[in-house]
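Only one structure is covered here, and it is reproduced in the block below.
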Amino acid sequence: MTRFHGKTTIPEHIWTKPDQLIQTDASLSGIGGIFYNSCITEYFHCDIHTSWSGHHISVYELLAVLISFKVWGKKLQNKRIVLQCDNSSSVSLLNTGRCRDKIMLSIVRNIWLICAEYNIQIKAIHIQGINNRAADILSRWTSLENPYAKLSTALDASI
């Protein structure tokens, strides 16, 4: 690890109020994430490459989290982040570090490396899919008719 700066993802104390909120979601065709910053909402969406097809949905959910931290890692530096996800397996793995799937463990190690590099503390929380509507729209972006309007409506409803 040539970039490790000596900090860990183990929090120094228990915290209840996060600094930022991220929501992620995945479908079998794509992934998406939303970063609710204090002044602006940022988001991403992308299709799942065919070389990654055939994996369990939990793998795609963790990929969405990994890409979120790769995209916004610098902006999340020295912050406490609540990550909302509608996949309970991914939430459990992010919070406990325990899983038997080697691919999922590899992805979560990359997430933790980014967290260590930028001194980010994360707490994953499971939310119902109905409450993760905006991220769900992003994960299905290319298969939706008029996705901009649907995303705008979902974001307005979440405010």
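By the criterion of side-chain heavy atoms lying less than 4.5 angstrom apart, applied directly or through intervening Ile, Leu, Val, Met, Phe, Trp or Tyr residues, Ile107 is grouped together with Leu105 in one hydrophobic cluster.
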Would Cys115 and Phe69 count as a side-chain contact (heavy atoms from CB on, under 4.5 Å) if you check the C-alpha gap in whole Å, the side-chain angles of each, and the deciding distance to 0.1 Å? CA-CA 8 Å; Cys115 289; Phe69 281 91; 4.1 Å; yes
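Considering only heavy atoms from C-beta on, Asn131 stays 4.5 Å or farther from Gln23 through its side chain. Between Ile31 and Ile67, some side-chain heavy-atom pair lies under the 4.5 Å cut-off. The closest side-chain heavy-atom distance from Leu62 to Leu66 is not below 4.5 Å. Counting heavy atoms from C-beta on, the side chains of Leu138 and Ile34 come closer than 4.5 Å. The shortest distance between side-chain heavy atoms of Gln84 and Leu21 falls below 4.5 Å. Between Ile48 and Leu28, the closest side-chain pair of non-hydrogen atoms is not below 4.5 Å. The shortest side-chain heavy-atom distance between Thr24 and Ile22 falls under the 4.5 Å cut-off. Within the 4.5 Å cutoff, no side-chain heavy atoms of Ile120 are placed close to those of Gln77.
The CD atom of Glu61 sits 12.5 Å away from the CG atom of Leu93 when rounded to the nearest 0.5 Å. Here the CG-CD1 distance, from Leu63 to Ile57, works out to 10.0 Å after rounding to the nearest 0.5 Å. In this structure, OG on Ser68 lies 7.0 Å from CG on Leu83, to the nearest 0.5 angstrom.
Annotation for Val59 and Met104: closest pair CG2-CG, 3.7 Å, computed over non-hydrogen atoms. What you find for Ile81 and Lys79 is that their closest heavy atoms are CD1-CB, 3.7 Å. Here the closest heavy-atom approach between residue Trp72 and residue Phe44 is recorded as CH2-CD2, 3.6 Å. Of all heavy-atom pairs spanning Ala64 and Gly32, the tightest one is CB-O, 4.0 Å.
Every residue meeting the ring-ring contact (aromatic ring centres under 6.0 Å, His included) condition with His55, not counting sequence neighbours, appears here in chain and number order: Trp52.
Checked by atom type and distance alone, the side chain of Ser92 never pairs as donor or acceptor with a backbone atom of Ser88 at under 3.5 Å. At least one donor-acceptor pair closer than 3.5 Å links the side chain of Asp19 to the backbone N or O of Arg80. The main-chain N or O of Ser106 is found under 3.5 Å from a side-chain atom of Asn110 such that the two form a donor-acceptor pair. The backbone N or O of Ala124 lies less than 3.5 Å from a partner atom in the side chain of Asn95, making a donor-acceptor pair.
Side-chain contact annotation: Tyr36 with Glu42, donor-acceptor N/O pair under 3.5 Å absent.
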